[in-house]
Each structure stands twice: as C-alpha cells, then as structure tokens.
Amino acid sequence: MVVHILWGDVLFRIAIDGPAGSGKSTIASRLADRLNIDYVDSGSIYRAITRAIIDNRINYKNIAELTSFIQNLNIEFDSSSISVNGVDFSAKIRVASVNSLVSEVAAISVVRKKVNNILGLIAEKQNVIMDGRDIGTVIIPDAELKIFLNASVEERARRRFFELNNGEDLSYEDVLANIIHRDNIDSSREDSPLTKAADAIEIDTTKLTIDDIIRQIMERISSKNYAL
Ligand code: CDP
C-alpha cells in the first residue's frame with residue numbers, strides 16, 4: 001500500500017461544489033485550517049468582477065465592452081480578502097446588488113475564461129481546497145477528492161438569512177428568492193453549469209452539523225491512504 005504524506009510527494013486537491021448555502025465555504029475553510037492547505041473561494045472572484053461591473057456602470061451585455069473591461073482587472077486574493085486593481089473589495093462583494101447580478105455575470109463565457117485562468121494556475125501546481133460550482137467538473141477534473149454538498153433550499157435560505165448582518169434589511173423570503181434565482185441560472189447556463197461530477201461524493205447537509213460533515217470528509221481522506 002502506498003501512503004502519500006500530505007504536502008509531500010503528490011498533489012492533493014479537494015474540489016467542493018454545490019449550490020448557495022450548502023455549506024461549501026464553512027467546510028472548505030475549516031478543512032483548509034485542519035489540513036494546512038490553501039483555500040480558494042472561487043465565488044468571491046465572480047463576485048468581485050460583478051462588483052467592479054456595477055461600480056463602473058459597465059454594460060455587461062455588450063461583449064466587446066465587457067471583454068476590454070475585464071482584461072484590465074487585476075484580481076488578487078488570499079484566504080480572507082480580495083482586491084481588484086489594488087482596492088480591497090472584501091467588504092463589498094456579499095451585498096444584495098452583487099447577489100442579484102452575479103449569476104448572470106458568471107454565465108458569460110469571457111468572464112468564466114478570466115476566472116478559469118486564475119484558478120487553473122493555482123490548481124496545477126499546489127495543494128488546494130477550492131470551492132465553487134464547476135471545480136470538480138471543469139477546473140480540477142482530476143482532483144484527488146471531490147465533494148458535492150447539497151441541502152434543501154429552505155435550509156440553505158435559512159442559513160444565509162442567519163449569516164446576514166442584515167444592514168440591508170432583507171427578509172427570509174428575499175433571501176430564499178435570491179437563492180432560487182441563482183440556483184436556476186447556475187444550473188441551466190450553457191457554460192459549465194452547476195452539476196455534480198460523476199466521481200464526486202454527494203453529502204446532503206440539511207440535517208448535519210459542521211462537525212459531522214468534516215468527520216465524513218476526513219474519513220474519505222484517510223481511506224485514500226493520505227497520511228494526515
Ligand atoms: O457563497 P454562495 O454559494 O452564495 O455563492 P458564491 O460561491 O460566492 O458564488 C456566487 C456566484 O458565483 C454563484 O451563484 C455562481 O453564479 C458563480 N460561481 C460560478 O459560476 N462558478 C464558480 N466556480 C463559483 C461561483
């Protein structure tokens with residue numbers, strides 16, 4: 001039996017996909033801490049691009065205008081912050097205006113290409129935990145472990161509602177409507193729709209605690225003969 005030492009002789013990349021509120025970012029960042037691996041939140045890049053489009057009043061439906069705009073965006077991030085052209089965007093990407101538009105922006109192929117280039121450079125050379133909608137299907141199709149998290153739409157909206165600091169005065173119904181809207185666009189778009197990779201492990205998190213989910217994933221990692 002070959003036992004791979006984590007952060008040793010081979011790459012170890014975990015792809016975590018799933019719809020909004022399924023627990024991806026909480027689980028991914030906990031696992032990253034536990035395994036001492038970098039965490040990349042791919043959704044934050046789509047959100048930052050969307051915020052830049054809003055702030056600069058870009059007509060994103062005009063592909064020529066959008067293409068030249070995003071070519072000039074320099075996006076940098078670490079596990080807790082993201083900046084666009086040197087400006088910290090961390091506090092302004094999880095707001096209602098971005099929530100409403102991000103799925104439409106993320107469905108556009110030139111936008112996906114820009115994000116895929118950034119993510120691909122990371123995934124080809126280092127251990128990473130990446131979460132999103134197409135990580136296991138498109139970005140890291142050969143990931144060493146793929147997880148697909150899901151939960152009922154009501155539970156996902158409930159979690160999001162309680163996460164909000166709610167300076168924007170959103171009701172549970174507003175949050176639920178936004179999640180349904182994004183689920184529909186994300187799952188039905190032509191380019192890299194939200195879908196479970198055939199070899200991903202699906203976990204329904206509706207009734208599970210965070211510790212339960214982490215335990216299940218850690219068991220999978222051990223069963224793959226990675227020494228933790
Ligand atoms: O955190 P939440 O699940 O609400 O969303 P997110 O991960 O921040 O992603 C925001 C949006 O970006 C999603 O609704 C998708 O439209 C898009 N996205 C995507 O298309 N592909 C990814 N790999 C990640 C996010």
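Bear in mind that the values here come from a model prediction, so they are computed numbers and not experimental data. In listed order, ligands and their atoms are each counted from 1.
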Q) In terms of side-chain geometry, is the basic nitrogen of Asp142 or Arg13 positioned less than 4.0 Å from the acidic oxygen of its partner? A)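 Yes, charged N to carboxylate O under 4.0 Å.
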Q | Residues Glu155, Arg159: salt bridge by 4.0 Å N-O rule | A | yes
Q. Hey, quick one: are Tyr46 and Ile118 part of the same hydrophobic cluster, counting side-chain heavy atoms closer than 4.5 Å, chains of contacts allowed?
A. yes
Q. Are Ile135 and Leu35 co-members of a hydrophobic cluster defined by side-chain heavy atoms under 4.5 Å apart?
A. no
Q | Sidechain-backbone polar pair: Asp131 side chain, Asp41 backbone, donor-acceptor under 3.5 Å | A | no
Q) Is Asp212 close to Thr205 at the side-chain level, that is, under 4.5 Å between some pair of heavy atoms? A) no
For ligand 1, what N or O to protein N or O distances fall under 3.5 Å?
| unit_1 | atom_1 | unit_2 | atom_2 | d |
| --- | --- | --- | --- | --- |
| ligand 1 | 1 (O) | Arg160 | NH2 | 3.2 |
| ligand 1 | 3 (O) | Lys24 | NZ | 3.0 |
| ligand 1 | 3 (O) | Arg133 | NH2 | 3.1 |
| ligand 1 | 4 (O) | Arg47 | NH2 | 3.2 |
| ligand 1 | 4 (O) | Arg160 | NH1 | 2.5 |
| ligand 1 | 4 (O) | Arg182 | NH1 | 3.2 |
| ligand 1 | 4 (O) | Arg182 | NH2 | 2.8 |
| ligand 1 | 5 (O) | Arg133 | NH2 | 3.3 |
| ligand 1 | 5 (O) | Arg182 | NH1 | 3.3 |
| ligand 1 | 7 (O) | Arg133 | NH1 | 3.2 |
| ligand 1 | 8 (O) | Arg47 | NE | 2.6 |
| ligand 1 | 14 (O) | Ser103 | OG | 3.3 |
| ligand 1 | 14 (O) | Arg133 | NH2 | 3.3 |
| ligand 1 | 14 (O) | Arg182 | NH1 | 2.9 |
| ligand 1 | 14 (O) | Asp186 | OD2 | 2.7 |
| ligand 1 | 16 (O) | Ser103 | OG | 3.0 |
| ligand 1 | 16 (O) | Asp186 | OD1 | 2.6 |
| ligand 1 | 16 (O) | Asp186 | OD2 | 3.4 |
| ligand 1 | 20 (O) | Arg112 | NH1 | 2.8 |
| ligand 1 | 20 (O) | Arg112 | NH2 | 3.4 |
| ligand 1 | 20 (O) | Arg189 | NH1 | 2.8 |
| ligand 1 | 20 (O) | Arg189 | NH2 | 3.1 |
| ligand 1 | 21 (N) | Arg112 | NH2 | 3.0 |
| ligand 1 | 23 (N) | Ser42 | OG | 3.0 |
| ligand 1 | 23 (N) | Arg133 | N | 3.1 |
| ligand 1 | 23 (N) | Asp134 | OD1 | 2.8 |

